[in-house]
Amino acid sequence: LSLEDANLAFEPGDSLGIFPENDPSLVDQIIEEMKWHPEEPVTVTKQGDVLPLREALVSVYEITIVTKPLMEKAIQFSTNNKLIELLEAGNEDRFRDYIDGRDLLDMLRDFAPWNGEPNDLIQILRKIPARLYSIASSYRANPDEVHLTVGAVRYSTHGRDRMGVCSGQFTERIKPGDRVSVYIHHNPNFKLPTDPDKPIIMIGPGTGVAPY
């Protein structure tokens, strides 16, 4: 990624924070399932900022995992007894089994019909969290670039092929010339010695190759 004119600097041990986007094809399936209009305006901030529904689902909201808080909020828009039963006390094991590997599209399909307008249901979703990737390049060698080592997350579950949100974007959808929103996440607890002659031992239990 080019950092030219971004005024971002990093050191060994720092990470690149990325604000990813959801797969547009998954967003389109959600909109089709709910028979929504992709250009319908929805509120995306407490200040009242508005975006078209499709753009909001692509760039603002988390749609690839299902959580208990999400399903508890969803009850108010559903008359499906199966959803109510799943959240009742004593069904914790069934609930954990259900949410494993499922996403918003699964939930919307499994517990239809739904009441409320798109803007109502949008408000129960949480924002997409940033992803942190270890920086795999040297600022001294390439001060205007940041290099990442990305392993694509691909798997099949519950009858559908799925991909990681950020790894899928970077390995499948991003093209030369595209722009992404990033920031440097500084790590004050992991730094190389200031003395270049000082010996070090590096242990990487699951860190991957990028930090090295």
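No hydrogens, no waters, no symmetry mates; every other heavy atom, side chains included, goes into these values.
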Next on the checklist: Does Glu172 form a side-chain contact (heavy atoms from CB on, under 4.5 Å) with Met163? I'd like the steps, not just the answer.
Outcome noted: CA-CA 10 Å; Glu172 299 286 338; Met163 288 200 69; 3.5 Å; yes
Checklist entry - In Å, rounded to the nearest 0.5 Å, how long is the span from OG of Ser167 to CZ of Arg154? => result 7.5 Å
Show the atom names and distances, to 0.1 Å, of all donor-acceptor pairs under 3.5 Å that link a side chain in residues 10-24 to residues at least two apart or in another chain.
unit_1, atom_1, unit_2, atom_2, d
Glu11, OE1, Lys191, NZ, 3.1
Asp14, OD1, Asn187, N, 2.9
Asp14, OD1, Lys191, NZ, 3.0
Asp14, OD2, Glu11, N, 2.8
Asp14, OD2, His186, ND1, 3.0
Asn22, ND2, Leu57, O, 2.8
Asn22, ND2, Tyr61, O, 2.7
Asp23, OD1, Ser25, N, 3.0
Asp23, OD1, Ser25, OG, 2.9
Asp23, OD2, Ser25, OG, 3.1

Checklist entry - Roughly how far apart are Glu145 CD and Ile135 CD1, rounded to 0.5 Å? => result 12.5 Å
Checklist entry - Of all residues at least two apart in sequence or in a different chain, which pass the side-chain contact (heavy atoms from CB on, under 4.5 Å) check with Pro193? => result Lys198, Ile200
Checklist outcome for this item: d(Leu51 CG, Glu40 CD) to nearest 0.5 Å is 13.0 Å
Item to check | Partner residues of Pro52 under the side-chain contact (heavy atoms from CB on, under 4.5 Å) criterion, sequence neighbours left out | outcome: Glu39, Glu55
Checklist entry - What about Val165 and Ile174, same hydrophobic cluster or not, with Ile/Leu/Val/Met/Phe/Trp/Tyr joined at side-chain heavy-atom distances under 4.5 Å? => result no
Checklist entry - Listed by chain and number, what are the salt bridge (Lys or Arg N to Asp or Glu O under 4.0 Å) partners of Asp28, not counting sequence neighbours? => result Arg54
Item to check | Pair Asn115-Thr79, side-chain contact (heavy atoms from CB on, under 4.5 Å): steps then yes or no | outcome: CA-CA 8 Å; Asn115 303 314; Thr79 57; 3.8 Å; yes
Checklist outcome for this item: Sequence neighbours excluded, the answer for side-chain contact (heavy atoms from CB on, under 4.5 Å) partners of Asn81 is Ile84, Glu85
Checklist entry - Would Val146 end up clustered with Leu132 when hydrophobic side chains under 4.5 Å apart are linked, directly or stepwise? => result no
Which donor-acceptor pairs under 3.5 Å do the side chains of residues 65-76 make with protein atoms, sequence neighbours left out?
unit_1, atom_1, unit_2, atom_2, d
Thr67, OG1, Leu70, N, 3.3
Gln76, NE2, Lys73, O, 2.9

Item to check | Minimum heavy-atom distance Thr43-Gly48, with the two atoms named | outcome: CG2-CA, 3.8 Å
Checklist outcome for this item: Residues passing the salt bridge (Lys or Arg N to Asp or Glu O under 4.0 Å) test with Arg140, sequence neighbours excluded, are none
Item to check | Transitive ILVMFWY side-chain link Tyr133 to Val180, under 4.5 Å | outcome: yes
Checklist entry - By salt bridge (Lys or Arg N to Asp or Glu O under 4.0 Å), which residues pair with Asp197, not counting sequence neighbours? => result none
Checklist outcome for this item: To the nearest 0.5 Å, atom OG of Ser134 lies from atom CG of Leu148 at 9.0 Å
Item to check | Hydrophobic cluster identity match, Val58 and Trp36, side-chain contacts under 4.5 Å | outcome: yes
Item to check | Worked check of salt bridge (charged side-chain N to carboxylate O under 4.0 Å, His left out) between Asp97 and Arg94 | outcome: CA-CA 5 Å; Asp97 289 341; Arg94 283 180 55 199; over 6 Å; no
Next on the checklist: Within this structure, what is the CE-CD1 distance for the pair Met107 and Ile63, rounded to the nearest 0.5 Å?
Outcome noted: 11.5 Å
Checklist outcome for this item: What one should report as the nearest heavy-atom pair of Leu83 and Ser78 is CD2-CB, 3.9 Å
Checklist outcome for this item: Taken in chain and number order and not counting sequence neighbours, the residues that satisfy ring pair (Phe, Tyr, Trp, His ring centres under 6.0 Å) with Phe77 are none
Next on the checklist: Per the ring-ring contact (aromatic ring centres under 6.0 Å, His included) rule, what does the pair list look like for residues 95-114, sequence neighbours excluded?
Outcome noted: Tyr98-Phe111
Checklist entry - Which residues satisfy the side-chain contact (heavy atoms from CB on, under 4.5 Å) test with Arg160, sequence neighbours excluded? => result Leu26, Asp103, Leu105, Asp106, Arg109, Arg162
Checklist entry - Between the main-chain N or O of Gly90 and the side-chain N or O of Glu92, is there a donor-acceptor pair closer than 3.5 Å? => result yes
Next on the checklist: We want to know whether Ser156 and Asp161 form a side-chain donor-acceptor pair, criterion being a heavy-atom distance below 3.5 angstrom.
Outcome noted: yes
Checklist entry - With a 4.5 Å limit on heavy-atom distance, are the side chains of Ile31 and Pro38 in contact? => result yes
Item to check | Smallest separation among heavy atoms of Ala112 and Asn80, with atom names | outcome: O-ND2, 2.9 Å
Item to check | Presence of salt bridge, Lys175 and Asp178, under 4.0 angstrom | outcome: no
Item to check | Side chain Arg173, main chain Thr171, donor-acceptor under 3.5 Å | outcome: no
Item to check | Evaluation steps, side-chain contact (heavy atoms from CB on, under 4.5 Å), between Arg102 and Asp110 | outcome: CA-CA 11 Å; Arg102 286 186 166 92; Asp110 293 342; 3.8 Å; yes
Next on the checklist: Once ring-ring contact (aromatic ring centres under 6.0 Å, His included) is applied, what residue pairs with a partner in residues 147-173 remain, sequence neighbours excluded?
Outcome noted: none
Checklist entry - Do the side chains of Pro129 and Glu62 get nearer than 4.5 Å, heavy atoms only? => result yes
Next on the checklist: Assigning hydrophobic clusters by single linkage (Ile, Leu, Val, Met, Phe, Trp, Tyr; side-chain heavy-atom cutoff under 4.5 Å), is Val44 placed with Leu104?
Outcome noted: yes
Item to check | Reported CG-to-CG distance for the pair Leu121 and Leu108, which is rounded to 0.5 angstrom | outcome: 7.0 Å
